Amino acid sequence: MPKMVVEARIVRNTEIGVNVKELVLYAPEIAVQAVPGQFLHVRVADSYYPLLRRPLSISGADHITGTVSTIYRVVGQGTACLAALTSKDSVDCMGPLGNGFVIHGQRPLLVGGGMGLAPLLFLAGALCPRPIEILMGGRTKEEMFWADMFHNKCDAIHITTDDGTLGSCGVTLDLLPDVLKSGAFDVIYTCGPRIMMKGVAKAAKTYNIPCQVSLEEYMACGIGGCLSCTCAGKDGLRKKVCTDGPVFWAQEVIS
Amino acid sequence: MSVGDSDMLGVTIAGIKMKTPVMTASGTFGFGLEYKDFVNLNKIGAVVVKGTTLLPRSGNQGRRIAETPAGMLNSIGLENPGVDEFLSEILPRLKEYDVPVIVNISGNTVEEYGELAARLNVADVAGVELNISCPNVKEGGIAFGTNCDSASAVVKQVKSNTDLPVIVKLSPNVTDIVAMAQSVEDAGADAISLINTLLGMSIDIHKWRPVLGNVVGGLSGPAVKPIAVRMVWQVARAVKVPVIGMGGIVTAVDAIEFMLAGASAVAVGTANFINPCAAQSVADGMKDYIKQRGLSHVSELVGKVNL
């Protein structure tokens, strides 16, 4: 089915955490196609500044209601424009773009940090009824509203916070060895800060567990035309994060 | 003369017959195929493909784009698979569409430009566009694009190596755009396209570092349009060959401005990133304008600005 540009009506755009919002769009043509790991490319304002679209990971899709969701942090002018929109508005939305996670194995471990948890939320739903464990990290307890969102989808939730206000004090990579030792995982999916994903990929290699990573890069077109978002592949060839990814097997893109 | 709707927009530029005067600017439309899910490639005036070099290039390291007010900076660095892969893998797929394919080429030396032109001298290529003005790589032709003698040498070499129409894309990063245009015309250019991106820079005030990995990059988008229109106007008055105008075209209004300034055709660039159908939308809007003004053909706009 072709990818498309649609005028998507905003169903809701609500705050779910400090400076974090969930945007639900009515876009049945996209919802019916979307798979975990793919992204939307959204025109946040009908203006020349911000000029470019914003790539937003899909955090959920429901083809019965025809809705597709994304969770974003308000960090700059683009996301501020997006945050100001209400259910009276529509947005110009391209999608679903990119390649999603490959459903693999029977005992998945999800490892996410910050907004990297958004695509993993969609993935967790798709992996059910497999027994899913997730290791998630954030700076403080206030950022860990994610735990409630994953509660019904996961058998075990391991939490780290930088300041120790919830779960273990530290970052996900500190707790990862313990989690890996305690489980018999046969696949790892990770999304979050690059340094975290690099560490997860390294641990996965050590334990000989296949690992998929979801990369994020600044991009303009989102469809492979501009080459803004390419990254170095291990085979010596450049990979387009927008169309070859954003999800890759770790060994394709991480040393 | 009365012409049908379908004939209102048809133009021939340097012998390249196009259904509309709206092309896609090199570097903003990939090799065209990336856009096929979103736009009917058969309805575009011409596809000008990604800058192609003799050997594959992996481009620049680090962050490659930065958004700026009404524009963007890029420092892609001419990433491309090289001319051989273009000819063997990409061109055969592009020729399935009924659209002229113009190949933008970039070389490190005069001889490389000549070699590229010779290799591309094949039936399925409609023309070559010489990128003598890429600001993002040291070897991106900028030395050729800012010096009249070097630019002439490149054009002469290419002209002697190909039967194809040769379009020369000029850099705005020069003191005298008219002198550059005249020198490439004298050297045999069949058409001139302008403008390439303007050299720019953006700094992250939190990190005190340049935003782009390459430090500087090329500015494009609506922000550059007045400069581009001015340069097209200056050049179109000074040369006899057709001028292809580009720089910040998003809507038909923008394109018409370029035509009035003297462009015989236009190219849509950065707008392709925002709206994959931009080139088609611009052409549709131009047709509406022509009808509304009681004109019969888009060529009636060319250079008609009243001074």
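The sequence lines fix the lettering, A, B, ..., with proteins before strands; numbering per chain opens at 1. Remember, predicted model here, so these are calculated numbers, not experimental data.
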Hey, mind stepping through B/D37 and A/I223 against side-chain contact (heavy atoms from CB on, under 4.5 Å) and telling me if it holds?
CA-CA 10 Å; B/D37 283 347; A/I223 55 175; over 6 Å; no

How many angstroms lie between atom OG of A/S228 and atom CD1 of B/I76, to the nearest 0.5 angstrom?
4.0 Å

Under a 4.5 Å cutoff for heavy-atom pairs, which residue among B/P276, B/G221, B/P56 has the most contacts with chain A?
B/P276

Contact part of B/K50 toward chain A, heavy-atom cut-off under 4.5 Å: side chain, backbone, both or neither?
side chain

Which atoms form the tightest heavy-atom contact between B/P69 and A/Y49, and what is the distance?
CA-CD1, 3.5 Å

A/E216 atom CD, neighbour heavy-atom count above 12 within 6.0 Å
no

Is it the case that more than 12 heavy atoms not belonging to A/I195 sit under 6.0 Å from its CD1 atom?
no

With respect to chain A, which residue among B/T28, B/T68, B/L33 yields the maximal number of heavy-atom pairs within a distance under 4.5 Å?
B/T68

How far does SG of A/C229 sit from CZ of B/R63, to the nearest 0.5 angstrom?
13.0 Å

Using 0.5 Å steps for rounding, measure from the CE atom of A/M4 to the CZ atom of B/F38.
8.5 Å

Would you say the side-chain atoms of A/R43 pair up with the backbone N or O of B/I274, donor to acceptor, closer than 3.5 Å?
no

Kindly indicate, with the supporting measurements, whether the criterion side chain to side chain donor-acceptor pair (under 3.5 Å) is fulfilled by B/E34 and A/T243.
CA-CA 9 Å; B/E34 294 87 344; A/T243 51; over 6 Å; no

Within this structure, what is the CD-OH distance for the pair B/E67 and A/Y48, rounded to the nearest 0.5 Å?
13.5 Å

Please determine whether the number of non-hydrogen atoms from other residues, nucleotides or ligands lying under 6.0 Å from atom CD of A/E15 exceeds 12.
yes

Which bit of A/M94 comes within less than 4.5 Å of chain B, counting heavy atoms only: side chain, backbone, both or neither?
side chain

Which one of B/S58, B/G27, B/A223 has the most heavy-atom pairs closer than 4.5 Å to chain A?
B/S58

Within-4.5 Å side-chain heavy-atom neighbours: A/C221 and B/N272
no

Could you state the interatomic distance from CG (A/D92) to CG (B/N275), rounded to the nearest 0.5 Å?
7.0 Å

If every non-hydrogen atom of A/R238 is compared with every non-hydrogen atom of B/N60, which pair is closest and at what distance?
NH2-O, 4.4 Å

How many angstroms lie between atom OG1 of A/T230 and atom CZ of B/R64, to the nearest 0.5 angstrom?
3.5 Å

Does atom CG of A/D46 have more than 12 heavy-atom neighbours from other groups under 6.0 Å away?
no

For the CZ atom on A/F145, are there more than 12 heavy atoms of other groups (residues, nucleotides or ligands in this structure) within a distance under 6.0 Å?
yes

